[in-house]
Undergrad: 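Right, I'll just put the structure down here and ask away after.
All values reported here derive from a predicted model rather than from experimental measurement.
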Amino acid sequence: MVPVMIGIVPQPGQTVHLTGDASPQFRDQPLRLLITEPPLPSTVDAAQGRPAERAAWLLLTGWELGPRGQRVVRRTVSVRTSGVAVDQTAPLPR
């Protein structure tokens with residue numbers, strides 16, 4: 001089992017695991033994402049003046065990772081902050 005921290009705002013260089021807890025779109029097909037840009041609050045949270053650190057939903061941009069950790073496609077996804085699981089063992093890329 002991979003050590004993860006749940007419900008924190010990831011930083012560029014970190015890998016996150018996204019499941020149905022993060023968004024219904026990942027319920028049947030979880031996603032690993034290497035974060036490449038600072039997370040942004042959702043448009044609703046931003047309109048209410050909430051920064052990413054206090055947002056209920058985040059926009060995450062990064063590389064979808066394949067089964068062997070290879071970069072597959074660059075994506076931006078909307079996720080619940082409380083469902084984001086940051087991988088604490090993945091090395092930060094250089």
Undergrad: May I ask you to decide if L34's main-chain N or O and T15's side chain share a donor-acceptor pair within less than 3.5 Å?
TA: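 No, because the side chain of T15 does not come within donor-acceptor range (under 3.5 Å) of the backbone of L34.
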Undergrad: Would you please test W63 and T36 for side-chain contact (heavy atoms from CB on, under 4.5 Å) and show each step?
TA: CA-CA 7 Å; W63 285 98; T36 59; 3.5 Å; yes
Undergrad: How would you list, by chain and number, every residue that makes a side-chain hydrogen bond (donor to acceptor under 3.5 Å, both in side chains) with D45, sequence neighbours excluded?
TA: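 Scan of D45 (side-chain hydrogen bond (donor to acceptor under 3.5 Å, both in side chains), adjacent residues dropped) gives S42, R50.
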Undergrad: Where do Q14 and D87 land on the side-chain contact (heavy atoms from CB on, under 4.5 Å) test, with the steps shown first?
TA: CA-CA 7 Å; Q14 291 182 308; D87 182 346; over 6 Å; no
Undergrad: Is there a continuous path of hydrophobic side-chain contacts, each under 4.5 Å between heavy atoms, that joins L40 to V84?
TA: no
Undergrad: If you measure from CG on L58 to OG on S23, what distance do you get to the nearest 0.5 Å?
TA: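 The CG atom of L58 sits 12.0 Å away from the OG atom of S23.
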Undergrad: So, using side-chain hydrogen bond (donor to acceptor under 3.5 Å, both in side chains) as the criterion, who are the partners of T76 when residues are at least two apart?
TA: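 Per chain and number, T76 pairs via side-chain hydrogen bond (donor to acceptor under 3.5 Å, both in side chains) with T61.
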Undergrad: How long is the straight-line distance from CG of L33 back to CZ of R74, given to the nearest 0.5 Å?
TA: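 One finds 9.5 Å between CZ of R74 and CG of L33.
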Undergrad: Does Q70 reach the main-chain N or O of R68 with its side chain, forming a donor-acceptor pair under 3.5 Å?
TA: yes
Undergrad: If two hydrophobic side chains count as joined below 4.5 Å and joins carry through other members, does L59 share a cluster with L18?
TA: no
Undergrad: Under the criterion side-chain contact (heavy atoms from CB on, under 4.5 Å), I'd like the reasoning laid out for Q11 against V86: C-alpha separation, chi angles, the key distance, then a yes or no.
TA: CA-CA 9 Å; Q11 299 303 309; V86 177; over 6 Å; no
Undergrad: Do P10 and P39 come close enough that some side-chain heavy atom pair is under 4.5 Å?
TA: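 Yes - at least one pair of side-chain heavy atoms lies under 4.5 Å apart.
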Undergrad: Dump the intermediate steps for side-chain contact (heavy atoms from CB on, under 4.5 Å) on T43 and W57, then the final yes or no.
TA: CA-CA 9 Å; T43 53; W57 286 80; over 6 Å; no
Undergrad: Would you compute the distance between atom CZ of R32 and atom OG1 of T19 and round it to the nearest 0.5 angstrom?
TA: 14.0 Å
Undergrad: Does any non-hydrogen side-chain atom of D21 lie less than 4.5 Å from one of S82?
TA: no
Undergrad: For Q29, does the CD atom have more than 12 heavy-atom neighbours from other residues, nucleotides or ligands under 6.0 Å away?
TA: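 12 or below, so no.
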Undergrad: For the side chain of T81 and the backbone of A56, is there at least one donor-acceptor N/O pair under 3.5 Å apart?
TA: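 Answer holds: yes.
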